[in-house]
Amino acid sequence: MQSHLADKNIALDLVRVTEAAALASARYVGLGDKNLVDKAAVDAMREAFQSLHLRGTIVIGEGEKDEAPMLYTGEEVGFGDGPEFDIAVDPIDGTSCVAGGRPNGIAAVAIALKGHMFNPSRSFYCEKMAVGPEAANVIDLDAPIKDNVEKVAKALGKKVGELKVFVLDKPRHEQLIKDIHAAGARVMVHSDGDIAGALMTIDPTSDIDMLVGIGGTPEAVVTACGMKGTGGQMLTRLRPKTEEERRNIIEDGIDLDAIRSIDDLITTDQCFFAATGVTPGAFLDGVHYRGNYTLTSSMSSRGRTGTIRYIQAWHDRRKLSQMGNIEY
């Protein structure tokens, strides 16, 4: 019975969770308060989880890094009568985008059968390199970026000058951006959203070929779940920003130097992912209002089949608000 229930495409149910987070947090777009955005998303996501027929445990929670509202690690969610899952949540990837009214804010959730999701514990940052299926076997975190760019371009049948590389616009990436330019490739900088950036490499409608840089470790696990089964690849290696973070990782017994692929981060194909746009972006459109209705754009994926779905939905905000404790 457990196997049968786990085989259901729960990703479609997860979309309801990310839609709820997106709808609730979109009310605060552009108001400048990151914590208000996060709290709205967390509260809506927590309530939406309770309608899902699963026994879920949050293993990667939200907010510890920024002292924001959290779905805390160890919290149990779900109706409690289905299969057991580990859950990684990012109620808002890009809270500053939403608070500042900038593009690429999304709500995201990833789940995998219990015991099959890498727990980064107190690691907050890691190196990442992500590509689509055609270049999955040519990337190497130990190789110079010039070599990687050239191999990815060749695998895609492109000239290096045609390659578009997603990089977060952060001071830590100043030299990386210079090196990519020196290699002859194009750099597409974004202020936030490396979950979206990695997923764009497997999106056939996107022109992003590659993601490179240092981003969040929890976000890497969420991303791995979204990419699992699609044929794409992401390589990661922990990169602590502080000596305290380094000590904590070693104390937790995690190998700092290990390079982890998607299959190391998510060790089962019984995994599911969903994301919904909050602010308009290159990956997913944001929440749009039409009178009492709102329009959302979402993406879901299933590890076992590699199927990716894009979903648009109209929501009657009055009815949704009457059904629960969340104001949409």
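Along the sequence shown, residues are numbered consecutively beginning with 1. Computed from heavy atoms alone, side chains included, the values below leave out hydrogens, waters and symmetry copies.
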- Check the pair E174 / K178 against salt bridge (Lys or Arg N to Asp or Glu O under 4.0 Å), numbers first and verdict last. CA-CA 6 Å; E174 183 177 345; K178 290 179 180 178; 3.7 Å; yes

Indicate whether any N or O donor in one side chain lies under 3.5 Å from an N or O acceptor in the other, for [X] and [Y].
{"X": "T279", "Y": "R102", "value": "no"}
{"X": "D192", "Y": "S96", "value": "yes"}
{"X": "H288", "Y": "T294", "value": "no"}
{"X": "S121", "Y": "D252", "value": "yes"}

In the structure I gave you, are the side-chain heavy atoms of [X] and [Y] within less than 4.5 Å of one another anywhere?
{"X": "S25", "Y": "P91", "result": "no"}
{"X": "M234", "Y": "T223", "result": "yes"}
{"X": "L168", "Y": "H173", "result": "yes"}
{"X": "R302", "Y": "T305", "result": "yes"}
{"X": "I87", "Y": "T57", "result": "no"}
{"X": "I111", "Y": "I10", "result": "yes"}
{"X": "S300", "Y": "L12", "result": "yes"}
{"X": "V29", "Y": "V278", "result": "yes"}

- Message: Using salt bridge (Lys or Arg N to Asp or Glu O under 4.0 Å), reason through K154 and E150 one step at a time and then give a plain yes or no.
- Response: CA-CA 6 Å; K154 183 178 180 181; E150 291 175 349; over 6 Å; no

- Which residue, D140, I139, V138, forms the side-chain contact (heavy atoms from CB on, under 4.5 Å) with K151? V138

- Task: Going by the side-chain contact (heavy atoms from CB on, under 4.5 Å) test, name the single residue among T236, I214, L235 that passes it with C126.
- Result: T236

Please check if the side chain of [X] supplies one atom and the backbone of [Y] the other of a donor-acceptor pair under 3.5 Å.
{"X": "E84", "Y": "G56", "value": "no"}
{"X": "D194", "Y": "G197", "value": "no"}
{"X": "N248", "Y": "E244", "value": "yes"}
{"X": "R55", "Y": "G82", "value": "yes"}

- Item | In one Ile/Leu/Val/Met/Phe/Trp/Tyr side-chain cluster, 4.5 Å: M200, I177 |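 Result: no, two separate clusters.
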
- Item | Nonpolar side-chain network containing L295, other nodes, edges under 4.5 Å |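 Y293, W314, which link up through side-chain heavy atoms under 4.5 Å apart, make up the rest of the cluster.
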
Measure the [atom1]-[atom2] distance between [X] and [Y] for me, rounded to the nearest 0.5 Å.
{"X": "N35", "Y": "T95", "atom1": "CG", "atom2": "OG1", "value": "8.0 Å"}
{"X": "E245", "Y": "I250", "atom1": "CD", "atom2": "CD1", "value": "11.0 Å"}
{"X": "S206", "Y": "K164", "atom1": "OG", "atom2": "NZ", "value": "8.5 Å"}

More than 12 non-hydrogen atoms from neighbouring residues, nucleotides or ligands closer than 6.0 Å to [atom1] on [X], yes or no?
{"X": "K158", "atom1": "NZ", "value": "yes"}
{"X": "E243", "atom1": "CD", "value": "yes"}
{"X": "E76", "atom1": "CD", "value": "no"}
{"X": "Y310", "atom1": "OH", "value": "yes"}
{"X": "R186", "atom1": "CZ", "value": "no"}

Do [X] and [Y] sit within salt-bridge range, that is, some charged N less than 4.0 Å from a carboxylate O?
{"X": "E75", "Y": "R46", "value": "yes"}
{"X": "D269", "Y": "K228", "value": "no"}
{"X": "K34", "Y": "D38", "value": "no"}

- Given M227 and L199, is the side chain to side chain contact (heavy atoms under 4.5 Å, CB included) satisfied, shown in steps? CA-CA 7 Å; M227 295 181 70; L199 292 173; 3.8 Å; yes

- Item | Any residue meeting side-chain hydrogen bond (donor to acceptor under 3.5 Å, both in side chains) with S123, in chain and number order, not counting sequence neighbours | T217

- Can you check salt bridge (Lys or Arg N to Asp or Glu O under 4.0 Å) on E219 and K128, steps first, answer last? CA-CA 10 Å; E219 288 85 349; K128 303 178 186 180; 5.2 Å; no

- When R237 is tested against each of D264, D142, D257 for salt bridge (charged side-chain N to carboxylate O under 4.0 Å, His left out), which residue passes? D142

- Task: Go through the steps to decide whether I106 and I195 satisfy the test side chain to side chain contact (heavy atoms under 4.5 Å, CB included), and finish with yes or no.
- Result: CA-CA 9 Å; I106 67 171; I195 292 179; 4.0 Å; yes

- Do you know which two heavy atoms are closest between A112 and C271, and how far apart they sit?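 In this case the closest contact between A112 and C271 is CB-CB, 3.9 Å.
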
- Query: Taking all non-hydrogen atoms of both residues, which atom of S298 and which atom of E19 are closest, and how far apart?
  - Reply: OG-CG, 3.8 Å

- Task: Apply salt bridge (Lys or Arg N to Asp or Glu O under 4.0 Å) to the pair E251 and R122, showing each step before the final yes or no.
- Result: CA-CA 10 Å; E251 183 179 306; R122 292 179 285 179; 3.2 Å; yes

- Task: Kindly assign one of parallel, tilted or perpendicular to the pair H190 and F166, based on the angle between their ring planes and the thresholds 30° and 60°.
- Result: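 Parallel, since the angle between the ring planes stays under 30°.
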
